[in-house]
2 protein chains.
Amino acid sequence: MDQTSTGKTDTVKLDDFLCFAIYSANHALNRVYKPLLDEIGLTYTQYIAMVTLWEQDDRTVGSLGEKLFLESSTLTPVLKRLEGLGLIARTRDKTDERQVRVQLTAAGRALQARAKTIPPCILEASGLEVEELARLKKEIAALRSSLLR
Amino acid sequence: MDQTSTGKTDTVKLDDFLCFAIYSANHALNRVYKPLLDEIGLTYTQYIAMVTLWEQDDRTVGSLGEKLFLESSTLTPVLKRLEGLGLIARTRDKTDERQVRVQLTAAGRALQARAKTIPPCILEASGLEVEELARLKKEIAALRSSLLR
DNA sequence: GCAGAACAATTTGTGCTCAATCAAATCGTG
DNA sequence: CACGATTTGATTGAGCACAAATTGTTCTGC
C-alpha cells in the first residue's frame with residue numbers, strides 16, 4: 001500500500017508519503033531539541049551552524065551554506081544573531097572583500113563543552129541502538145544525495 | 001564514527017548527526033516538490049493539508065493538526081490561504097461553535113486529479129525501489145513515534 | 001585601462017512554525 | 001441556574017527558509 005502503487009484503491013493516504021514521514025520526523029526532532037537548546041540559548045538552525053564552525057572554524061558564509069544546504073539569504077540573519085550573542089565574529093575577507101569570514105569567539109568555542117550533553121539525549125530519545133541510528137542516518141543522507149542530483 | 005561514540009576524537013562532525021540528515025533531506029525534498037507544486041499553485045504545507053482532506057473530508061482544525069502534527073497557530077493562516085484559493089470552506093460547527101469545520105469545495109476535490117502525477121515524480125527522484133522506499137518510510141515513522149513518546 | 005560579466009553577501013517580500021496569550025463556547029459541579 | 005475550569009481556534013511576536021532584486025567587489029575580454 002503505497003502512493004506509488006498502481007493498485008486498486010485510489011485513496012492515497014498521508015501516512016504512505018515518505019515526504020510526510022521525513023517532514024514530521026523533522027518536527028518531532030525539533031521538539032526534542034527545543035528544551036535542550038533552550039538551556040544553551042540557541043535555536044536549532046543556530047545550533048547546526050555552531051556545530052559546523054566547531055568542526056571547522058573561519059569559514060565564509062558561502063562555504064557554511066554549502067555545508068548546511070542553506071542560501072546566504074537564510075544564513076545572513078542567523079549569523080547576525082549569533083554575532084549579537086557574542087558567539088561569532090563576522091569580518092570581510094581582506095584579500096577578497098566580497099566574502100565575509102565567520103570566526104568563533106572565545107565564548108563561541110566555550111559553548112561547545114556545554115553542548116556536549118545534547119547528542120546522548122537525542123540518542124536516548126530515538127530509542128535506537130548506535131549502529132541502527134548510524135545506518136538510518138546513512139540511508140537518509142543517500143536519499144538526500146539522490147534528490148539533489 | 002558517530003557523535004555518540006566514546007571514541008578517540010572529540011571533533012564531532014555535522015555529517016554524523018541523524019538530525020541533520022533528516023533536516024537536510026527534508027529541505028531536499030522541498031526543493032524537488034517546489035516546481036511540481038508550483039504547477040498546481042500550492043506550497044508544501046498547503047499540499048499535505050489537501051492530501052489529508054482528500055483522504056477524509058470535513059475535519060475540524062484540531063483533527064487536521066493532530067494528523068499533521070501542527071498547531072492551530074500554524075494551520076489557521078494556511079487554511080485561510082486555501083480558502084482564499086477557493087479550495088476549501090471554513091464554517092463554525094452548528095452544534096459546537098468553538099470548532100471550525102474544514103470542507104473541500106468542488107475545486108478542491110477537482111485538484112486531486114491534477115496532483116496525481118506528483119508522487120511518481122518523487123519516487124523517481126528518490127532513486128529508490130518502491131519496496132525500499134516503503135521500508136525507509138516505515139523506519140522514519142517509527143523514529144518519529146519514539147521521539148514523540 | 002575599462003566596460004561588462006560573474007560573484008558574494010545583503011535586502012525585501014511571502015510563507016511556515018512555534019510559544020505564549022487571548023476570547024468565546026462548552027462542560028461540570030454545586 | 002451560576003460560576004469556575006476546560007476546550008477550541010485565533011492573534012501576536014520571533015525566527016527560519018527561499019526567490020528575486022540589490023549592492024559592492026572581482027575577474028575577463030578587448
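Protein chains get the first letters and strands the later ones, always in sequence-line order, with residue 1 at the start of each.
Considering only side-chain N and O atoms, K80(A) lies under 4.0 angstrom from the phosphate OP1 or OP2 of dT11(C). In this model, the phosphate group of dC16(C) is approached by a side-chain N or O of Q46(B) to a distance below 4.0 Å at OP1 or OP2. At the phosphate of dC16(D), neither OP1 nor OP2 sits under 4.0 Å from any side-chain N or O atom of Y47(A).
The residue among T74(B) and F69(A) whose nearest nucleotide of DNA chain D lies closer to the 5′ end is T74(B). Along DNA chain D, the nucleotide closest to T60(B) and the one closest to Y44(A) are compared, and the more 5′ of them pairs with T60(B). Between Y23(A) and R92(A), the residue anchored nearer the 5' end of DNA chain C, judged by the nucleotide with its closest heavy atom, is R92(A).
Relative to the side chain of V78(B), the nucleotides dA25(C), dC16(C), dT10(C) differ in distance, and dC16(C) lies closest. Comparing dA10(D), dC16(D), dC18(C) by their nearest atom to the side chain of E71(B) picks out dC18(C). Comparing dT11(D), dA17(D), dA9(C) by their closest approach to the side chain of T76(B) singles out dT11(D). Which of dC16(D), dT10(C), dA24(C) sits closest to the side chain of V61(A) comes down to dT10(C). Distance from the side chain of R98(B) is smallest to dT26(C) among dT26(C), dC7(C), dA19(D). Comparing dC18(C), dG15(C), dC16(D) by their closest approach to the side chain of R81(B) singles out dG15(C). Taking the side chain of R31(A) as heavy atoms from C-beta on, and the options dT8(D), dC18(C), dC16(D), the nearest nucleotide is dC18(C). Listed nucleotides dC18(C), dA10(D), dT17(C) differ in distance to V100(B); the shortest reach to its side chain belongs to dA10(D).
Y23(B) has its ring centre less than 6.0 Å from the ring centre of Y44(A).
Going from atom CG of L79(A) over to atom C1' of dG15(D) covers 14 Å, rounded to whole Å. Look at CG on N26(A): it is 16 Å from P on dC16(C), rounded to the nearest Å. Atoms OH (Y33(B)) and P (dC16(C)) sit 16 Å apart, rounded to a whole Å.
Salt-bridge annotation for K67(A) and D15(B): present, with a side-chain N of the basic residue lying under 4.0 Å from a carboxylate O of the acidic one. Ionic pairing of E55(A) and K13(B) is not present here: no N-O contact between side-chain nitrogen and carboxylate oxygen is shorter than 4.0 angstrom.
For S73(A) and dA9(C), a side-chain-to-base donor-acceptor distance below 3.5 Å is absent, hydrogens and geometry of angles not being considered.
With Q99(B) contributing its side chain and D96(B) its backbone, the two residues share no donor-acceptor pair below 3.5 Å.
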